[in-house]
There are 2 protein chains.
Amino acid sequence: MKKSDKENTEEKIFNAAKKVFVRKGSDGARMQEIADEAGINKSLLHYYYRSKDKLFAAVFEFFASKFFPDIFNIFNSDDDIFIKFEKFIHAYIDMLSKNPFIPMFMLNEIKKGNASFAIKVISRAGVNIKAFEQLVEKEIKKGNIKNVNPKNLIINMLGLIIFPFISRPLFEVLIFDNNKNAVDEFLAQRKEEVSTLIINMLKPEKTLN
Amino acid sequence: MKKSDKENTEEKIFNAAKKVFVRKGSDGARMQEIADEAGINKSLLHYYYRSKDKLFAAVFEFFASKFFPDIFNIFNSDDDIFIKFEKFIHAYIDMLSKNPFIPMFMLNEIKKGNASFAIKVISRAGVNIKAFEQLVEKEIKKGNIKNVNPKNLIINMLGLIIFPFISRPLFEVLIFDNNKNAVDEFLAQRKEEVSTLIINMLKPEKTLN
DNA sequence: GTCTATAAATTGATAGAC
DNA sequence: GTCTATCAATTTATAGAC
């Protein structure tokens, strides 16, 4: 009884903290606001997490594990290279659709000085960029894809995937006249759009000349 | 004498404020840190700008005018459509190279609730997305470019341009092993990369089948 | 475990001397 | 215009009752 209650409160706090830290950032977030969001007393935050820093660290780690997901292991499968990219793009956009504010949160906090912390989480998650670059180079040699720069490819792909989520608050009003449904449709349709673009970047020329 | 001193101090404060607000955001920035950065006394900040909010507003407006620049008027010229895109991409990446932290700053502050403020600055700057969409549709009808979705085109282009700057703190260590020179070279080379990609998105198929 | 009350620290802002 | 000293408000954190 007591046990489950404890778990429950800790969970409430954690979920509330996720919301508030994402909304306001580590500096803008207030312990009182987190307590209100959780519907509990402020001092319980300290009872369970000791300090704001510790609570933030827990939230940061949670989001980091989502932002650098197992999804990267898609590239370790033995699918066709084009299928790998398509699967990755779809899976990542699906994740972001459920957690649209993660990229802004992560990149902003990393910029403010949590880069080294982030790197730990990344390596723990098994994200291996070098392996990705080698895979691309291998496929180029085999003639399966065009001779692209792997670093450009990564940045292009992640930019096409992530940027719409980061810039949503802006283009929602600037391009979509505040029509949130239209934006949701737009973002869902990005899965196909980005897949097509990346495939076109990779597909060898139909050597016709 | 007094006049030029005054201008000078105000300028010092403003420049210091730009640095600190970009580094820490509106919440994380401290008036003391701005004063230290400017090498002047803290109370002078209030003498010249009354409050932290007012100082922030000035900085925000300054960056907004850079983030939504005259550059968009490139699309009003009578250049060939491909030249327009190339000029825009080059000009915008050049600007970002000189002010690499503007996108993160702007998008983050807009997310935290300054969207309406941003919109005012945008319309004052004459940025007109609707006109851009119409231009694209016109060129499609003329058969000069492929039948692309204008909204996707904008987001693709801005993502490819802006995302590398937003994510630099991350990929600098993750992809470039902290080699800052390599990153600078990479970003400079993006002008050609993005131009090529956008042109490929727009160039009509060599209808061979 | 949860609450109230309060301490302790931080920080934006002002008063007033020069 | 610029400085020192200080206030007032906010906010994190703790003590202690239940």
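Proteins get letters first, then strands, A, B, ... in listed order; numbering begins at 1 in each.
B:D27 places its CG atom 12 Å from the P atom of C:dT11, with the value rounded to the nearest Å. A:N41 places its CG atom 13 Å from the C1' atom of D:dG16, with the value rounded to the nearest Å. Atoms CD (B:E10) and P (D:dT2) sit 10 Å apart, rounded to a whole Å. Separating the CZ atom of A:R30 from the P atom of C:dA9 is a distance of 18 Å, rounded to the nearest angstrom. Rounded to whole Å, the distance from CD on A:Q32 to P on D:dT12 is 9 Å. Spacing between atom NZ of B:K24 and atom P of C:dT10 amounts to 14 Å, rounded to whole angstrom units. Distance B:F56 CZ to C:dT11 P: 18 Å, rounded to the nearest Å.
To the nearest 0.5 Å, the span separating CD1 on A:I198 from CG on A:L153 amounts to 5.5 Å.
When heavy atoms are screened at a 4.0 angstrom cut-off, B:A35 is found touching no nucleic acid atom at all.
Closest approach of B:L45 to B:M31, counting heavy atoms only: CD1-O, 3.1 Å.
For the pair B:K18 and B:F62, the cation-pi test (distance below 6.0 Å, angle within 45°) is passed.
Among residues two or more places apart in sequence or in another chain, the ring pair (Phe, Tyr, Trp, His ring centres under 6.0 Å) test is passed with A:F82 by none.
Taking the six-membered ring where the residue is Trp, the centroids of B:F21 and B:F105 are separated by 6.0 Å or more.
Classification of the B:F186-B:F171 ring pair by plane angle, with boundaries at 30° and 60°, yields perpendicular.
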Contact list (N/O, under 3.5 angstrom) for nucleotides 13-15 of chain D vs protein:
from	atom 1	to	atom 2	distance (Å)
D:dA13	OP2	A:H46	NE2	3.3
D:dA13	OP2	A:K52	N	2.7
D:dA13	N6	A:K42	NZ	3.3

